[in-house]
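Everything on this sheet refers to the single structure shown next.
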Amino acid sequence: MKKIVIFNGSPRKDANTTTLLDMIARGAREHNAEVDYKILFKMKFMACQGCFNCRIHTDCAINDEITATMEKIKEADAIVIGSPIYFMQVTGPVKNLYDRLFPLMGEDGAPRYGQKNIVTVYTQEFDDPHMFDMYFDYVAGTFPSFGFVNERRLVCTGGNNPDAANNNMNLKQQAYELGRILAVE
């Protein structure tokens, strides 16, 4: 059974990012994957302190909900991270999550815990789904050091309409299919 950890970086519980992440989770669960779904805005966690404890040891010195979730990430076969785009970037909790993933990287820049497939989900107002590709590629540049490979990216446009994803059957089907792929690969 494949293990998948999903991080929802949206503050809105019923909007576009959640709709797509829920479809990914459904596709994975319906194909026998174990899904651990985390809502970052409900989690209690600190930002990285830059203490470099994880360079000396293999774990973060902070003891919070991200630290507890790190064990699930280490064991996972795939990671899914979703975020609306605010001010041309992912939300603050997603930025903090990326910083807190530093313990996944060894001192030599290689992943400590093997490779895991990754799916990124972004929602944005702009109609052009490629509007932020340079930014998305920049963020994805860190993924190999965490062991995140084979990035698949899903972008929902028209994000100021909270039903944009829900009304887009093609996009929801793509999200479901991504969940299925993660469950069977």
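For this chain, numbers begin at 1 and follow the sequence in order. These numbers come from the heavy atoms of this one structure, side chains and all, not from hydrogens, waters or symmetry mates.
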Open item on the list: Salt bridge or not between K72 and D36? Use side-chain N to carboxylate O under 4.0 Å.
Closed with: yes
Open item on the list: Test of understanding: clusters of I, L, V, M, F, W, Y form through side-chain heavy atoms closer than 4.5 Å, transitively. Do V5 and V90 belong to the same one?
Closed with: yes
Task: Any side-chain heavy-atom pair of F146 and Y113 under 4.5 Å - done: no
Open item on the list: Could you check whether any side-chain heavy atom of C54 comes within less than 4.5 Å of a side-chain heavy atom of C60, counting everything from C-beta outward?
Closed with: no
Open item on the list: Counting only heavy atoms from other residues, nucleotides and ligands, does the tally under 6.0 Å from OH of Y135 exceed 12?
Closed with: yes
TODO: Determine whether D128 and T157 make a side-chain contact, defined as any pair of heavy atoms from C-beta on separated by less than 4.5 Å.
DONE: no
Task: Passing candidate, side-chain contact (heavy atoms from CB on, under 4.5 Å) with L20, options V121, N8, V80 - done: V121
- [ ] In sequence, state the C-alpha distance, the side-chain angles, and the governing distance for D137 and R153, and then conclude on salt bridge (charged side-chain N to carboxylate O under 4.0 Å, His left out).
- [x] CA-CA 10 Å; D137 292 343; R153 187 180 297 166; 3.0 Å; yes
Task: Which atom of K95 lies closest to which atom of Q89, heavy atoms considered - done: NZ-OE1, 3.2 Å
Task: Where V94 and G82 come nearest, the two heavy atoms and their spacing - done: CG2-O, 4.0 Å
Task: G159 to N16 - nearest heavy-atom pair and separation - done: O-ND2, 3.2 Å
Open item on the list: Could you tell me if the side chain of Y98 sits less than 4.5 Å from the side chain of F7, heavy atoms only?
Closed with: no
- [ ] For the residue pair Y122 and F136, categorise the inter-ring angle as parallel (less than 30°), tilted (30 to 60°) or perpendicular (more than 60°).
- [x] parallel
Open item on the list: One thing to verify: whether R152 and E185 come together as a salt bridge, which I'm taking to mean a side-chain N less than 4.0 angstrom from a carboxylate O.
Closed with: yes
Open item on the list: With a 4.5 Å cut-off on side-chain heavy atoms, are V149 and K116 touching?
Closed with: no
TODO: Could you tell me whether R12 atom CZ has more than 12 heavy atoms of other residues or ligands within 6.0 Å of it?
DONE: no
Task: Name of the residue among N160, T19, T17 meeting side-chain hydrogen bond (donor to acceptor under 3.5 Å, both in side chains) with T123 - done: T17
TODO: Output yes when K74 and D59 qualify as a salt bridge under the 4.0 Å nitrogen-oxygen rule, no when they do not.
DONE: yes
- [ ] Kindly determine whether T58 and R112 satisfy side-chain contact (heavy atoms from CB on, under 4.5 Å), including the steps that lead there.
- [x] CA-CA 8 Å; T58 58; R112 285 180 167 156; 4.1 Å; yes
Task: Value rounded to 0.5 Å, distance of CZ in F41 from OG1 in T91 - done: 4.5 Å
Open item on the list: Is there a path of hydrophobic side-chain contacts, each under 4.5 Å between heavy atoms, that joins M134 and Y86?
Closed with: no
Task: Minimum heavy-atom distance A183-K2, with the two atoms named - done: O-CG, 3.0 Å
TODO: Nearest 0.5 Å please: distance from the CD1 atom of I73 over to the NZ atom of K38.
DONE: 9.5 Å
TODO: Check whether any side-chain heavy atom of Y138 sits under 4.5 Å from a side-chain heavy atom of T142, and report yes or no.
DONE: no
Task: Interatomic spacing from CE in M43 to CG in L97 - rounded to 0.5 Å - done: 8.0 Å
Open item on the list: Quick check for you: to the nearest 0.5 Å, what is the distance between C156 atom SG and I85 atom CD1?
Closed with: 11.5 Å
TODO: Could you verify whether a donor N or O on one side chain and an acceptor N or O on the other, from R100 and T67, lie under 3.5 Å apart?
DONE: yes
Open item on the list: Would you compute the distance between atom NZ of K3 and atom CD of E34 and round it to the nearest 0.5 angstrom?
Closed with: 5.5 Å
Open item on the list: Can you give me the closest heavy-atom contact between M1 and D77, atom names plus distance?
Closed with: O-OD2, 4.1 Å
Task: Residues E30 and Y176: side-chain donor-acceptor under 3.5 angstrom - done: yes
TODO: Find the distance between CD (E177) and CE (M23) and round it off to the nearest 0.5 Å.
DONE: 10.5 Å
Open item on the list: In this structure, would I79 and L178 fall into the same cluster of hydrophobic residues linked by side-chain contacts under 4.5 Å?
Closed with: no
- [ ] Report yes or no: do I118 and Y37 belong to one cluster of Ile/Leu/Val/Met/Phe/Trp/Tyr joined by side chain heavy-atom distances under 4.5 Å?
- [x] no
- [ ] List the steps, then state whether side-chain contact (heavy atoms from CB on, under 4.5 Å) holds for L104 with M70.
- [x] CA-CA 9 Å; L104 298 177; M70 194 67 73; 3.7 Å; yes
Open item on the list: Quick check: is I24 connected to I4 through a chain of hydrophobic side chains (ILVMFWY, heavy atoms under 4.5 Å apart)?
Closed with: yes
Task: Under 3.5 Å donor-acceptor, T18 side chain and D14 backbone - done: no
Open item on the list: I'd like to check F132 versus F126 (side-chain heavy atoms, cut-off strictly below 4.5 Å). Are they in contact?
Closed with: yes
Task: Polar contact flag, side-chain donor to acceptor under 3.5 angstrom, T120-E151 - done: yes
